[in-house]
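Lettering of chains follows the sequences in order, A, B, ..., and the numbering in each one begins at 1. From a predicted model like this one, the values you see are computed outputs, not experimental measurements.
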Amino acid sequence: MKLEERARELEAKARELRFHIVDMVHAAQSGHCGGSLSAADIVTALYFEFLNIDPANPDKGDRDRFVLSKGHACPVQYAALALRGFFPVAELRSLRAMHSRLQGHPVQGKLPGIEVTTGSLGVGICEAVGLALEARLRKASWRVWAVLGDGELGEGAVWEAAQAATKFGLDNLIAVVDNNGLQNDGYCRDILPLRSIPDKFRAFGWAVLEMDGHDMEDILRTFGKALLITGSPVCVVAKTVKGKGVSFMEDKRDWHGKAPNAEQYAQAVAEIKGGPA
Amino acid sequence: MESKEMRAAYADTLIELATTNRDIVVLEADLMRATGTGSFQKLFPDRLVNVGVAEANMVGVASGLSATGKIPFASTFACFASRRVFDQFFLSANYARLNVKLVGTDPGVTAAYNGGTHMPFEDLGLMRTIPGLTIVEPSDPASCAAFVRLAAAMYGCVYLRLPRKAAAFLYPAGEKFEFGRAKRLKEGKDLVFAALGSLMVGECLKAAQVLAGEGVEAGVVDVLCLKPLDEVTILTAAKATGRIISAENHQVMGGLGSAIAELLAEHRFGGGFKRIGIRDEFGEVGTQDYLVKRFGLGAPDLADAARKLMKES
């Protein structure tokens, strides 16, 4: 299949993820829409094109490991796992409910497909380095994909991990930065200016690729390139829009951690189902 | 009963203090909109330092500011204010004998929907081991405001544990508080609850009411200050009734239950003693009401403990 055709299919899948993100946060009346929606296209491409995983055998040894370092965006991962067949889609609405396997942040062992526990920012990427290092030590073929937030890059631990990954030459580690430009308290440029994320990772010894995190063709090409890089870990900086796909959530700080009411939910669903790609 | 958001009591008091004291500064790590200090930023934009998602750096920076004579209040979720910054708070602030006020919001089950990653049952246990640190968990908006004022007025590090949601007023605005002094909220001849924080004080008052209907008179001590602990008030109340129950929104290990157990053992208290709190478990997602039941922190659990204690001793 041509890349363009595959991109159209994945765009449709991303729309399904977006619907479930809004639907489960609405059902829970709690959770993080903005940063889940900004990562939806990235996560769709990973779960439906790149990750070597098997829902029938979620613990198979050589599987690729996905780490959501920005753990608060777990609705996007839960949606991807459910749609990929790891657990029933109907369970998505149990997000943040009592006894739910869909905790407020991803918890390893609670739900098939969750590799590590995250939620404190900056911990996931360190865990990802450990997972990648183990592949190296075992001479195993699995890759580790980690998705980080840009606000998360404020945590010192991210840069401790970045240095370790370079030291060990972990070219089986690919970190995708969801660069939506917003964090809880406001724009990153106001709260903690990041300057050039690519330059920072390059200075830490990583190969860096940049892409439009909402252009599925660009995502497919860039991830494809990332897989070919050897000798160093790879950082993909994805330019994204927080709240992407729901007009009133886009680039709005208020939608970092807020649930839509009934009216907002109806509008969001209409836009996701009927809106342009 | 009148109530107010605890975070509003915190922020309003900071504003009141900063108006006359130029040394008051506030630090945040990208949770200003949760901890409620946005109102402070509006009035004093130069005196609110938001370092981004970097809690360890926040406490280090607060220590540096303190070394130059500032009075920094650094606030973030209690899970981050304890686990994540423990070394910086221990070494840069406390061991250095500086003047850093660290505020942990959303303690214990009040973290609710954020779940186990964000639900600190261990922050008090960690903090208690830091020599000389003052640890306070206010029980209402009036005591919150009072302890923020006291923290600013006292030189030395303070850990203030603060649910951000609304709590009912238990004290009038002019009530006097002191570090190391508990309050006897309710007298009772049969047993005493020693409770820490607005959630547990409230549950103990409810339990006392239930018990009163059964002819058991339970007193309630509002501990307020975990360190230094008001040993005299707690020990006197325990000895007067012969029965004491500690109540905390935290692990019984390391927190109030431990502190009272140590106190009672060292003073050869021979009466009945039970601890209400988290029993060696991690947190999980749920409404606060559910979690209170799930972890056995509610008035029914307290009343049950009291009934058992009455039977046993």
Side-chain angles (χ1 to χ4, degrees), chain A residues 25 28-32 68-72 74 94-110 116-124 148-160 182-194 253-254 256-259, chain B residues 26-38 40-41 45 48-61 75-88 106 109 111-120 282-295:
Chain A
V25 173
Q29 277 302 295
S30 174
H32 297 82
L68 187 66
S69 200
K70 48 176 291 188
H72 59 278
C74 55
S94 75
L95 174 75
R96 295 188 165 217
M98 296 165 212
H99 313 298
S100 174
R101 299 195 287 176
L102 281 63
Q103 292 281 302
H105 297 79
V107 180
Q108 182 202 359
K110 277 259 179 203
V116 288
T117 296
T118 60
S120 277
L121 292 171
V123 303
L148 292 88
D150 46 10
E152 182 180 11
L153 301 183
E155 289 287 3
V158 171
W159 303 102
E160 296 172 29
L182 269 169
Q183 52 191 111
N184 183 59
D185 281 349
Y187 286 106
C188 299
R189 62 174 180 265
D190 298 325
I191 302 302
L192 187 66
L194 294 159
R253 192 226 70 84
D254 280 350
H256 173 85
K258 194 170 93 172
Chain B
V26 177
L27 289 97
E28 287 285 345
D30 199 34
L31 284 174
M32 176 181 78
R33 288 167 199 273
T35 63
T37 58
F40 183 95
Q41 190 201 31
L48 188 133
V49 181
N50 194 332
V51 300
V53 190
E55 300 82 7
N57 185 43
M58 173 175 75
V59 174
V61 171
S75 28
T76 185
F77 288 168
C79 52
F80 307 135
S82 54
R83 303 197 297 257
R84 185 137 266 228
V85 307
F86 191 67
D87 193 33
Q88 280 76 13
D106 302 61
V109 297
Y113 286 122
N114 270 327
T117 54
H118 287 56
M119 196 165 288
F282 292 110
E284 63 179 52
V285 153
T287 61
Q288 187 173 309
D289 288 347
Y290 161 73
L291 293 167
V292 163
K293 285 196 193 91
R294 157 76 180 81
F295 290 107

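At distances below 3.5 Å, not a single donor-acceptor pair connects side-chain atoms of A:Asp185 with backbone N or O atoms of B:Gly52. Within the 3.5 Å criterion, the main-chain N or O of A:Ile191 finds no donor-acceptor partner in the side chain of B:Asn50.
Expressed to the nearest 0.5 Å, how far CE of A:Met98 lies from CD of B:Glu284 amounts to 10.0 Å. Considering CD of A:Gln103 and OH of B:Tyr113, their distance stands at 12.5 Å, rounded to 0.5 Å. We find the CD-CG distance between A:Glu155 and B:Asp30 to be 9.5 Å, quoted to the nearest 0.5 Å. B:Asn114 CG to A:His32 NE2: the interatomic distance, rounded to the nearest 0.5 Å, is 6.0 Å. Annotation: the span from A:Leu121 atom CG to B:Arg84 atom CZ amounts to 7.5 Å, rounded to 0.5 Å.
For the pair B:Val285 and A:Arg96, the tightest heavy-atom approach, listed with the atom from each and the gap, is CG1-O, 2.8 Å. A:Ser120 and B:Arg83 make their closest contact through OG-NH2, 4.2 Å (heavy atoms, listed as atom of the first residue, atom of the second, distance).
The most heavy-atom pairs under 4.5 Å with chain B, out of A:Ser100, A:Ala97, A:Gly156, come from A:Ala97. Considering only heavy-atom pairs separated by less than 4.5 Å from chain B, the leading option among A:Arg253, A:His99, A:His72 is A:Arg253.
Contacts between B:Asn57 and chain A at a heavy-atom distance below 4.5 Å are absent for every atom of the residue. Interface remark: A:Thr118 contributes backbone atoms only to the contact with chain B (heavy atom separation under 4.5 Å). Only the side chain of B:Phe80 comes within less than 4.5 Å of a heavy atom in chain A; its backbone stays farther off.
Taking the six-membered ring where tryptophan is involved, the planes of B:His118 and A:His105 are essentially parallel, since the angle between them stays under 30° and well short of 60°.
B:Lys293 NZ: 12 or fewer foreign heavy atoms inside a 6.0 Å radius.
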